[in-house]
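Worksheet: one structure, shown below.
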Amino acid sequence: MKDLLGIEQLSVAQIEAILDTARPMKNLFTRSIKKVPVLRGKTVALLFFEPSTRTRSSFELAAKRLSADTLSFSASTSSVTKGESLLDTAKTYEAMKVDFMVIRHSASGAADLVAKSVKARVINAGDGSHEHPTQGLLDLFTILDKKKRIDGLHVVILGDILHSRVARSNLWGLTKLGARVTLCGPATLIPPGVQEVFGKNVRVCYKIEEALEGADIINVLRLQRERMDGAFFPTIQEYTEFYGLTSERLRLAKPDCLVLHPGPMNRGIEISSDVADGPRSLILEQVTNGIAVRMAVLHLFGGSQGLTAHPRESAKVAEILTE
């Protein structure tokens, strides 16, 4: 496997190998020198056609901690403003002999299009409403780190599922690893036919009180208003009243239920500040774990064969390098 385009294409063994590799990578963070020479001499191009804080910075730091060089691209200051196409931009960077292209784009399928056209390894950093695989993987890693398992957990994904690439990556990863998933939000923000795609371990619920009952994890999603081309609910205030996660509603879940949010947060809309900053929140830990997971992805896909048929061998190499 040359490229990471989505969790849908990953086997359970490949997902587990990435999560296993992220553990020794995270251990690096406790050292005085937080670098290993895994990708020395390699170049990672960060091609972000949409705004990003966490994902872009996380990939840049992950690459540098693996000793790679980085090239940053900004659509607003590039030849895209003069009419250059996505493929022409990618071909330009290929001519610079970059080894990785990390791509964020507003169009679903953009990363796949580039991957078919270049020899460099392509990592999807979010394409439209399709997938955001490294966010899904870091969410899995965060859950596994705290709960020590994913199989059998009840995970609630709350909010704008229709427009969320994070939700799709989480759904693929969670269901493959055996979690039970409840999708909760207004009927207009739940994709039609989602249960047919992801199977019997996924249910849809339109009442937040019912959805949160017995939850081990709640993953709160932002309203993707920039992707909405119609009125999906009457007002923001009404959405918050019916679907905002508050400390009172959090009490309906299990006492040890933990809260995730991929960011950026709309405080006071989909999540209250006392929940976001409270003892059950893992939101900042997700940011830390994102660096480790992206280091693992760059390492595992950086070999001559990409992510191999025997990915656990690469995971062992990571442990040796970080001892």
Side-chain angles (χ1 to χ4, degrees), residues 1 4 7 10-40 42 44 54-55 57-68 100 102 121 123 125 132-153 155 166 169-170 172-179 216-217 219 256 258-260 262-263 281-303 305-323:
M1 185 176 288
L4 177 59
I7 296 181
L10 297 179
S11 68
V12 171
Q14 289 170 328
I15 293 171
E16 290 176 341
I18 293 170
L19 301 181
D20 288 346
T21 307
R23 291 192 187 95
M25 296 299 183
K26 187 175 180 180
N27 291 339
L28 277 174
F29 301 173
T30 61
R31 295 184 181 184
S32 56
I33 299 176
K34 303 176 180 64
K35 294 184 73 170
V36 288
V38 174
L39 294 182
R40 181 179 293 165
K42 303 282 188 181
V44 178
R54 292 155 193 78
T55 303
S57 299
S58 182
F59 264 113
E60 183 172 8
L61 193 52
K64 288 180 176 179
R65 286 185 174 174
L66 294 175
S67 302
F100 290 89
V102 179
R121 305 205 182 283
I123 309 296
H132 190 348
T134 58
Q135 181 67 48
L137 289 165
L138 77 87
D139 290 345
L140 292 174
F141 182 82
T142 302
I143 294 169
L144 194 59
D145 186 49
K146 292 299 181 182
K147 295 291 187 180
K148 310 306 177 188
R149 66 185 176 97
I150 291 175
D151 186 34
L153 291 181
V155 180
V166 173
S169 289
N170 267 268
W172 284 117
L174 290 166
T175 53
K176 286 184 180 191
L177 296 184
D216 297 290
I217 299 288
N219 198 344
D256 60 348
L258 299 172
V259 176
L260 307 180
S281 172
L282 298 178
I283 295 170
L284 292 179
E285 195 152 347
Q286 286 174 271
V287 177
T288 302
N289 290 341
I291 302 169
V293 167
R294 288 167 179 131
M295 289 173 70
V297 165
L298 290 171
H299 163 61
L300 289 173
F301 280 83
Q305 301 299 318
L307 186 59
T308 68
H310 305 285
R312 289 190 179 277
E313 294 303 313
S314 294
K316 291 178 183 177
V317 172
E319 290 187 29
I320 293 170
L321 285 168
T322 55
E323 281 179 356

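All values below come from the heavy atoms of this structure, side chains included, with hydrogens, waters and symmetry mates left out.
Residues passing the salt bridge (Lys or Arg N to Asp or Glu O under 4.0 Å) test with Lys64, sequence neighbours excluded: Glu60. Residues forming a side-chain hydrogen bond (donor to acceptor under 3.5 Å, both in side chains) with Lys35 (at least two apart in sequence, or on another chain): none. In this view, Asp256 and Lys147, Lys254 satisfy the side-chain contact (heavy atoms from CB on, under 4.5 Å) rule, not counting sequence neighbours. Residues passing the salt bridge (Lys or Arg N to Asp or Glu O under 4.0 Å) test with Arg23 are Asp20, sequence neighbours excluded. Qualifying side-chain contact (heavy atoms from CB on, under 4.5 Å) partners for Thr134, counting only residues two or more places apart in sequence or in other chains: Leu4, Phe59, Ile123, His132, Arg294, Val297. Partners of Ile150 according to the side-chain contact (heavy atoms from CB on, under 4.5 Å) rule, which considers only residues two or more places apart in sequence or in another chain, are Leu140, Ile143, Leu144, Leu174, Leu177, Ala179.
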Please assess Asp216 against Leu258 for the test side-chain contact (heavy atoms from CB on, under 4.5 Å), listing each intermediate value before the final yes or no.
CA-CA 7 Å; Asp216 297 290; Leu258 299 172; over 6 Å; no
Would Gln286 and Phe141 count as a side-chain contact (heavy atoms from CB on, under 4.5 Å) if you check the C-alpha gap in whole Å, the side-chain angles of each, and the deciding distance to 0.1 Å? CA-CA 9 Å; Gln286 286 174 271; Phe141 182 82; over 6 Å; no
**OP:** Verify side-chain contact (heavy atoms from CB on, under 4.5 Å) between Leu19 and Glu16, making sure each step is shown before the conclusion.
**Re:** CA-CA 5 Å; Leu19 301 181; Glu16 290 176 341; 5.5 Å; no
Discussion item. For Leu260 and Ile283: C-alpha separation, side-chain torsions, deciding distance, then whether side-chain contact (heavy atoms from CB on, under 4.5 Å) applies.
Written reply: CA-CA 5 Å; Leu260 307 180; Ile283 295 170; 5.9 Å; no
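Of the inter-residue distances, the one linking Lys42 atom NZ with Leu66 atom CG reads 12.0 Å to the nearest 0.5 angstrom. Interatomic distance, CG of Leu39 versus CZ of Phe301, reported as 13.0 Å (0.5 Å rounding). Atoms OG1 and CG, on Thr288 and Leu282 in that order, are 11.0 Å from each other to the nearest 0.5 Å. Atom NZ in Lys146 sits 8.5 Å away from atom CG in Asn289 (nearest 0.5 Å).
Of all the heavy atoms in Ala68 and Val44, the pair that sits closest is CB-CG2, 4.1 Å. When all heavy atoms of Pro262 and Arg54 are compared, the closest pair comes out as O-CD, 3.7 Å. When every heavy atom of Ala22 is checked against every heavy atom of Ala296, the shortest pair comes out as N-CB, 3.7 Å.
Put simply, the side chain of Asp145 reaches to within 4.5 Å of the side chain of Lys26, judged on heavy atoms. Looking at heavy atoms from C-beta onward, Gln14 lies out of side-chain contact with Leu300 at the 4.5 angstrom threshold. Between Ile18 and Leu10, the closest side-chain pair of non-hydrogen atoms falls below 4.5 Å. Side-chain contact between Ile291 and Arg65 is present, with at least one heavy-atom pair separated by less than 4.5 Å.
With hydrogens and angles disregarded, a donor-acceptor distance shorter than 3.5 Å links the side chain of Arg149 to the backbone of Asp151. Checked by atom type and distance alone, the side chain of Thr30 pairs as donor or acceptor with a backbone atom of Asn27 at under 3.5 Å. Put simply, the side chain of Ser169 never gets that close to the backbone of Ile7: no donor and acceptor are under 3.5 Å apart. In this structure a side-chain-to-backbone donor-acceptor pair under 3.5 Å is missing from Arg121 to Phe100.
Of the residues listed (Thr142, Val155, Val259, Asn170), the one engaging Ile217 in a side chain to side chain contact (heavy atoms under 4.5 Å, CB included) is Val155, and it is the only one.
Looking only at atom types and distance, the side chain of Asp139 has a donor-acceptor partner in the side chain of Gln135 under 3.5 Å away.
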